[in-house]
There are 2 protein chains.
Amino acid sequence: MASISVREVAAEAGVSVGTVSNVLNSPAKVSAGTLSRVQAAIELLGFVRNDAARQLRAGRSRSIGLVVLDVGNPFFTDLARGAEDRAAQAGLTVLLGNSDETVARQSAYLDLFEEQRVHGVLITPLGETGEQLTRLRLRGTPTVLVDRQIEDRSFSSVAVDDVFGGHLAAGHLIGLGRTRLAFVGGQHTIRQVTDRLEGARRAVAEHPGVTLEVVETASLSVLEGRSAGEAIRARPAHERPDAVFAANDLLALGVLQAFSMLGEVRVPQDIALIGYDDIAFASAAVVPLSSIRQPSALIGSTAVELLLREAEAGADFVPEQVVFQPELVVRASTVS
Amino acid sequence: MASISVREVAAEAGVSVGTVSNVLNSPAKVSAGTLSRVQAAIELLGFVRNDAARQLRAGRSRSIGLVVLDVGNPFFTDLARGAEDRAAQAGLTVLLGNSDETVARQSAYLDLFEEQRVHGVLITPLGETGEQLTRLRLRGTPTVLVDRQIEDRSFSSVAVDDVFGGHLAAGHLIGLGRTRLAFVGGQHTIRQVTDRLEGARRAVAEHPGVTLEVVETASLSVLEGRSAGEAIRARPAHERPDAVFAANDLLALGVLQAFSMLGEVRVPQDIALIGYDDIAFASAAVVPLSSIRQPSALIGSTAVELLLREAEAGADFVPEQVVFQPELVVRASTVS
DNA sequence: GTGCATCATTGAATCGATTCACTTAGCCGG
DNA sequence: CCGGCTAAGTGAATCGATTCAATGATGCAC
């Protein structure tokens, strides 16, 4: 089955390849008769444009690369959807990559995207990846950091004030009269985690007599949350914290599963619990989960917006930082 | 910023472009000295392979297209992950497309993938899309149907026996002594929905005196489930069903939210509830949800497996149908 | 009828990596 | 010392869509 190119279409329609190309890209330049003859030929032969050839000529692909920490987390799929919708308006596609909270995978995706000559890269960066990202941008790929406040102002970024969010969560727990807080979360290479913890630390510091312990987890998944919850449940009752702030909702749901499984720990009576992200499943949990809400889809669409602006501006572009404020959502897991 | 191609690298290293290509693709053919000289030049100039040029020459891309009904549904992200892992082993990437239960979007993704000359397409098809898929395959793109049993045996497919699953769910409810069943689900263009309903119908038919009503929804989301649940709750108590089978877990969680919000309907005492897919959040629900489990990741990896086989076999390939059996997972939403 | 502008169309050159028929160098056995 | 062999490297041709300077055709004004 010989593949069909513009050449075959041109021959069939009795025109030149240039005209076929015009039919595809600027039909206005072509006379009505020729247009329909060429379209008929395309239909007849089943011609399908070869995107590789197109991109080669154009020098850039019509896609945006998006690297997130975990596609299993609804927060990121919501964010991705926001990005997709905005990208679609500009005629662009979003390629979704999952770093799985792993530097190696993140790096592999960045390499892949660069080989594809993507229009730009949106990334929820892990650790201090500054170097690779800087190189990427130097070579001409616009790059926007997502869900991450960055000290280095040379990148555009869209973020939520996670320190504020952490403060909000811990402040809420303290306001309820809780004094022995635990923060469940992990991988201090993930900035979101350390910022949320930092916010909690500040809230605790403002209230003498309130303590904060940290329960480390290996990742931000339901399973890890369950382990952490089980570890807490296994302690004698008086050594348990009276409030838990989980670094995200997946962890919080895991903790909740561990607590409610044997009915030994009651939420919120024995331990109040709050998560972060306010994913759709949080409100449907065993005990509806209090959480810190972030505008996930808006973050995604804004990131694309900044990316397009950077791509347009070219050399003389000025990075922009957009910061959203999170809000507290109170449900049954903290107040009875 | 002039872009760096193999030509520049070749000049810098003092070799021919052919040799640079060999360094990239079959280093064994190149002597040690030349190898390191070329690698140094690549490093120095910051050369990055242009994937478009590569693909153009190769005629195929190194990606697989995957079109799912809803990326927001954890079942599909699990499936996608299974596919990605298997694809990575073969050096392929997975491009994830979200049809959003819409024929137009599905069609757009298929066109896009065909223009990209993907290695193959995995799809959870909507409606009777036979024609477009047949054309796609005729033009040489291997295609595997996912999560869909197909009567037409000309396609390879990986599926779960949804009729059996539906029977399992309804049978379970009937076995508990429930007699007024309701099926919540919608868009009869989605085969999974009609199959699950068909299974439920059969189970009901086997038990005289048991009735089954159908509550139509516009999609398979938590929000739609909530509306359906509210509609049921709004009825006088004696006109409500005593058991609900939701077409998937998202719907079931929505129904559960509606039921438990005012505390008017108790699950499972007043109405037993069962979902489908057994997503991770099902076990963490207000009332842990009974469900029908499908091996999501395995479905994804198997689909890639079949795809690779089809790609390898070429013209004389024989389509294969793999069918997995779902299993019943009983939790508190059906038994107290 | 000539000059000029407009519109439609042409086709060779281009993007960059890969391929493959071909050259060159080095080595070995007889 | 020669024929035959392998290993290393070469560079023009190729993939297919797009672009753009050049050509042809048509109409209009004077």
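Throughout, a chain's letter reflects where its sequence line sits, starting with A, and its residues are numbered from 1.
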* Asked: With side chains defined as the heavy atoms from C-beta onward, is the minimum distance between B:Ile123 and B:Gln106 less than 4.5 Å?
  -> yes
* To do: Give the C-alpha distance, both sets of side-chain angles, the deciding distance and a yes or no for side-chain contact (heavy atoms from CB on, under 4.5 Å) between A:Thr34 and A:Val15.
  => CA-CA 8 Å; A:Thr34 315; A:Val15 297; 3.8 Å; yes
Listing, residues 66-78 of chain B side-chain donor-acceptor contacts under 3.5 Å, not counting sequence neighbours, or none:
| unit_1 | atom_1 | unit_2 | atom_2 | d |
| --- | --- | --- | --- | --- |
| B:Asp70 | OD1 | B:Gly72 | N | 2.7 |
| B:Asn73 | OD1 | B:Phe75 | N | 2.9 |
| B:Thr77 | OG1 | B:Pro74 | O | 3.0 |

* If you look at every strand shown and take non-hydrogen atoms under 4.0 Å, does B:Ser5 touch a base, only sugar-phosphate, or nothing? -> sugar-phosphate
Per-pair distances, 0.1 Å, donor-acceptor, side chain in residues 110-118 of chain B, under 3.5 Å, sequence neighbours excluded:
| unit_1 | atom_1 | unit_2 | atom_2 | d |
| --- | --- | --- | --- | --- |
| B:Asp111 | OD1 | B:Gln132 | NE2 | 3.4 |
| B:Glu114 | OE1 | B:Arg139 | NH1 | 3.0 |
| B:Glu114 | OE2 | B:Arg139 | NH1 | 2.5 |
| B:Arg117 | NH1 | A:Val48 | O | 3.4 |
| B:Arg117 | NH1 | A:Arg49 | O | 3.2 |
| B:Arg117 | NH1 | B:Glu114 | O | 3.0 |
| B:Arg117 | NH2 | A:Val48 | O | 2.8 |

* Asked: For DNA chain C, which nucleotides open and close the run of contacts to chain B, 5' to 3', at under 4.0 angstrom from a non-hydrogen atom?
  -> C:dG16 to C:dT19
* **Any residue of residues 53-64 of chain A with a heavy atom less than 4.0 Å from an atom of DNA chain D** => A:Ala53, A:Arg54, A:Leu56, A:Arg57
* Kindly state which residues belonging to residues 29-52 of chain A come within less than 4.0 angstrom of DNA chain D, counting heavy atoms of the residue only, listed by number. => A:Phe47, A:Arg49, A:Asn50
* Structure fact -> Of B:Ala28 and A:Val20, the one whose nearest nucleotide on DNA chain D sits closer to the 5' end is B:Ala28
* Taking side-chain contact (heavy atoms from CB on, under 4.5 Å) as the test, write out the residues that go with A:Leu45, two or more places apart. => A:Ile4, A:Glu8, A:Val9, A:Glu12
* What's the CG-P distance between B:Asn25 and D:dG9, to the nearest Å? -> 15 Å
* Mind checking whether B:Asp100 and A:Arg81 have side chains closer than 4.5 Å, heavy atoms only? -> yes
* Which value, rounded to the nearest 0.5 Å, describes the distance between B:Asp51 atom CG and B:Leu56 atom CG? -> 11.0 Å
